[in-house]
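Source: prediction; values computed, not measured.
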Amino acid sequence: MIVVLKEKTEQSQLDNLITWLESMGLSIHASEGQNSRILGLIGDTSAVDIDLLKALEIVEDVKRIQEPYKNANRKFHPADSIIDVSGVKVGGGNFNIIAGPCSIETDEQICFVAQSVKDAGATMLRGGAFKPRTSPYSFQGLRDEGLKLLLKAKKATGLPVVTEIMDLSHIHLFEEVDVIQVGARNMQNFELLKEIGRLHKPVLLKRGLANTLQELLMSVEYIMAGGNNDVILCERGIRTFETATRNTLDISAIPMLKKMTHLPIFIDPSHAAGIASLVKPLSLAAVAAGADGLMIEVHNDPPHALCDGAQSLTPEAFKEVVETVNKIRPYACKY
């Protein structure tokens with residue numbers, strides 16, 4: 001349920017209203033837009049008398065919300081959320097590109113790629129230390145040592161870093177990581193999501209390869225219910241009957257999510273396609289559709305990469321993508 005307040009509501013009146021609503025066992029999410037102030041009522045609102053609420057002097061309107069996700073719902077928070085990632089603004093008209101290797105392999109590799117993507121225009125650095133692989137015999141990442149190398153690249157370039165967490169037991173290793181990535185396989189690892197919700201650190205949550213948009217937002221709700229509102233959504237392709245690409249990039253997720261939620265939406269064209277030559281056209285499509293950012297895999301030597309070389313761009317190819325993306329950004333859809 002949302003309560004739309006009248007303009008120029010006195011703070012004392014608002015405080016009294018919130019105290020009364022909280023006495024019913026409800027949590028209150030307050031949001032202030034350009035022309036309105038909204039209270040989102042979270043909890044069992046069945047006992048709330050809508051007519052009584054509407055009759056209050058400071059109340060403009062009251063609406064029941066049917067969607068099960070409340071904190072992530074745009075109806076509760078009409079304005080786009082802007083997330084601060086160590087000084088980098090994400091969402092709300094700010095466009096960002098996260099780039100770097102799928103897997104951190106050596107000191108030289110991650111530092112070279114980090115400087116290359118920064119010079120090309122990336123605003124954040126990605127790099128995998130703990131790698132989820134389909135085969136148990138594939139390279140699983142450098143783990144703790146990989147995180148150390150990633151933080152070294154962060155210090156050298158000044159780029160905030162994004163890396164994926166795999167297990168609850170690893171959380172203590174992520175203290176200096178700027179954005180914790182939750183991968184597609186862990187989108188519904190609810191115990192992990194609840195723990196991350198207590199960290200108050202930005203999270204990049206990837207959509208599961210067979211999950212609906214509502215299921216994605218319900219996973220977001222687990223994080224936000226813990227008090228962490230700094231969530232970035234990432235569409236990375238879903239599994240369909242098509243086998244020509246690794247996954248099928250759901251471009252329609254961008255305008256749909258823009259209607260459903262106030263949170264920033266990134267697109268990962270590398271995992272969606274699985275083919276380096278498709279990264280550029282999919283990136284352009286995502287930007288034109290109004291995505292808040294891109295997440296692109298870049299490797300200094302893709303043919304010899306230990307992980308996902310087929311979908312990784314060279315630094316030169318990445319620079320070309322950034323330049324082309326910047327040309328079409330002025331024509332992107334606005335919501």
Side-chain angles (χ1 to χ4, degrees), residues 1-85 89-94 171 180 182 190-203 205 213-233 257-265 335:
M1 180 181 291
I2 61 173
V3 179
V4 182
L5 303 177
K6 292 179 180 178
E7 292 186 35
K8 300 180 181 179
T9 297
E10 293 184 8
Q11 189 62 43
S12 59
Q13 294 176 299
L14 176 60
D15 292 341
N16 289 335
L17 175 58
I18 290 176
T19 299
W20 176 53
L21 293 170
E22 289 179 336
S23 71
M24 301 182 196
L26 301 172
S27 297
I28 311 301
H29 177 94
S31 175
E32 191 159 353
Q34 290 184 337
N35 302 310
S36 64
R37 179 183 283 181
I38 292 174
L39 299 181
L41 278 53
I42 302 171
D44 182 5
T45 60
S46 58
V48 177
D49 187 331
I50 289 183
D51 291 331
L52 178 59
L53 264 181
K54 286 183 176 180
L56 296 178
E57 181 184 353
I58 64 173
V59 174
E60 182 73 36
D61 196 10
V62 181
K63 301 176 184 178
R64 286 199 180 275
I65 302 299
Q66 300 302 318
E67 296 90 352
Y69 51 92
K70 305 299 182 183
N71 289 297
N73 199 321
R74 185 175 285 280
K75 293 175 183 176
F76 277 45
H77 193 297
D80 288 343
S81 284
I82 299 177
I83 298 171
D84 189 323
V85 180
K89 303 298 184 183
V90 178
N94 300 286
I171 281 183
I180 296 178
V182 177
F190 299 128
E191 291 304 314
L192 177 61
L193 299 180
K194 284 189 282 187
E195 194 65 33
I196 288 174
R198 301 186 185 102
L199 291 183
H200 304 291
K201 182 187 289 287
V203 179
L205 179 65
L213 297 180
Q214 178 164 303
E215 287 169 342
L216 171 63
L217 293 178
M218 289 307 297
S219 290
V220 170
E221 204 71 12
Y222 270 91
I223 299 171
M224 298 183 78
N228 187 350
N229 295 318
D230 294 336
V231 183
I232 302 165
L233 306 179
L257 285 171
K258 287 290 183 180
K259 291 182 178 180
M260 298 167 76
T261 184
H262 52 89
L263 298 172
I265 303 155
Y335 298 96

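- Closest of all the heavy-atom pairs between His200 and Gly226 is CE1-O, 4.2 Å.
- Counted within 6.0 Å of NZ on Lys63, heavy atoms from surrounding residues, nucleotides or ligands total 12 or fewer; the atom is thus considered open.
- Between the CD atom of Gln13 and the CD atom of Glu57 there is a distance of 5.0 Å, given to the nearest 0.5 Å.
- Note: Ile28 CD1 to Ile38 CD1 = 13.5 Å, rounded to the nearest 0.5 Å.
- Smallest separation of non-hydrogen atoms from Asn73 and Glu67: ND2-OE1, 3.4 Å.
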In sequence, state the C-alpha distance, the side-chain angles, and the governing distance for Lys89 and Ile83, and then conclude on side chain to side chain contact (heavy atoms under 4.5 Å, CB included). CA-CA 6 Å; Lys89 303 298 184 183; Ile83 298 171; over 6 Å; no
Apply side chain to side chain contact (heavy atoms under 4.5 Å, CB included) to the pair Val3 and Leu56, showing each step before the final yes or no. CA-CA 11 Å; Val3 179; Leu56 296 178; over 6 Å; no
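- At most 12 heavy atoms of other shown residues, nucleotides or ligands fall within 6.0 angstrom of atom OH in Tyr222.
- Formation of a donor-acceptor pair under 3.5 Å by the Asn16 side chain with backbone atoms of Ser12 is found in this model.
- The shortest heavy-atom contact between Met224 and Asn71 is CE-O, 3.5 Å.
- Although no hydrogens or angles enter the test, the distance criterion places a donor-acceptor pair under 3.5 Å between the side chain of Lys70 and the main chain of Ile65.
- Atom CD1 of Ile18 is separated from atom CG of Leu41 by 9.5 Å, given to the nearest 0.5 angstrom.
- If you take CD on Glu215 and CD on Glu221, they are separated by 14.5 Å, rounding to the nearest 0.5 Å.
- Taking the side chain as every heavy atom from C-beta outward, Leu257 and Tyr335 never approach each other to under 4.5 Å.
- The minimum heavy-atom distance between Phe76 and Met1, with the atom names listed, is CZ-O, 3.6 Å.
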Working note: Asp61 + Lys54, criterion side chain to side chain contact (heavy atoms under 4.5 Å, CB included); need CA distance, chi angles, decisive distance, verdict. CA-CA 6 Å; Asp61 196 10; Lys54 286 183 176 180; 3.7 Å; yes
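- Heavy atoms only, all atoms of each residue included: Asn228 and Asp230 are closest at OD1-N, 3.0 Å.
- More than 12 non-hydrogen atoms from other residues, nucleotides or ligands lie less than 6.0 angstrom from CD of Gln11.
- Nearest heavy-atom pair across Ile82 and Gly91 is CG1-O, 3.7 Å.
- In this structure, OG1 on Thr9 lies 9.0 Å from CG on Leu17, to the nearest 0.5 angstrom.
- By the 30° and 60° cut-offs, the orientation of the rings of His77 relative to His262 is parallel.
- Put simply, the side chain of Asn229 does not reach to within 4.5 Å of the side chain of Ser81, judged on heavy atoms.
- Residues Val62 and Val48 fail the side-chain proximity criterion, which asks for heavy atoms closer than 4.5 Å.
- For the pair Val220 and Thr261, the minimum side-chain heavy-atom distance is 4.5 Å or more.
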What do the steps show when you test Leu193 against Val203 for side chain to side chain contact (heavy atoms under 4.5 Å, CB included), and what is the final call? CA-CA 10 Å; Leu193 299 180; Val203 179; over 6 Å; no
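- Note that the CD1 atom of Ile171 and the CD atom of Glu195 stand 4.5 Å from one another [nearest 0.5 Å].
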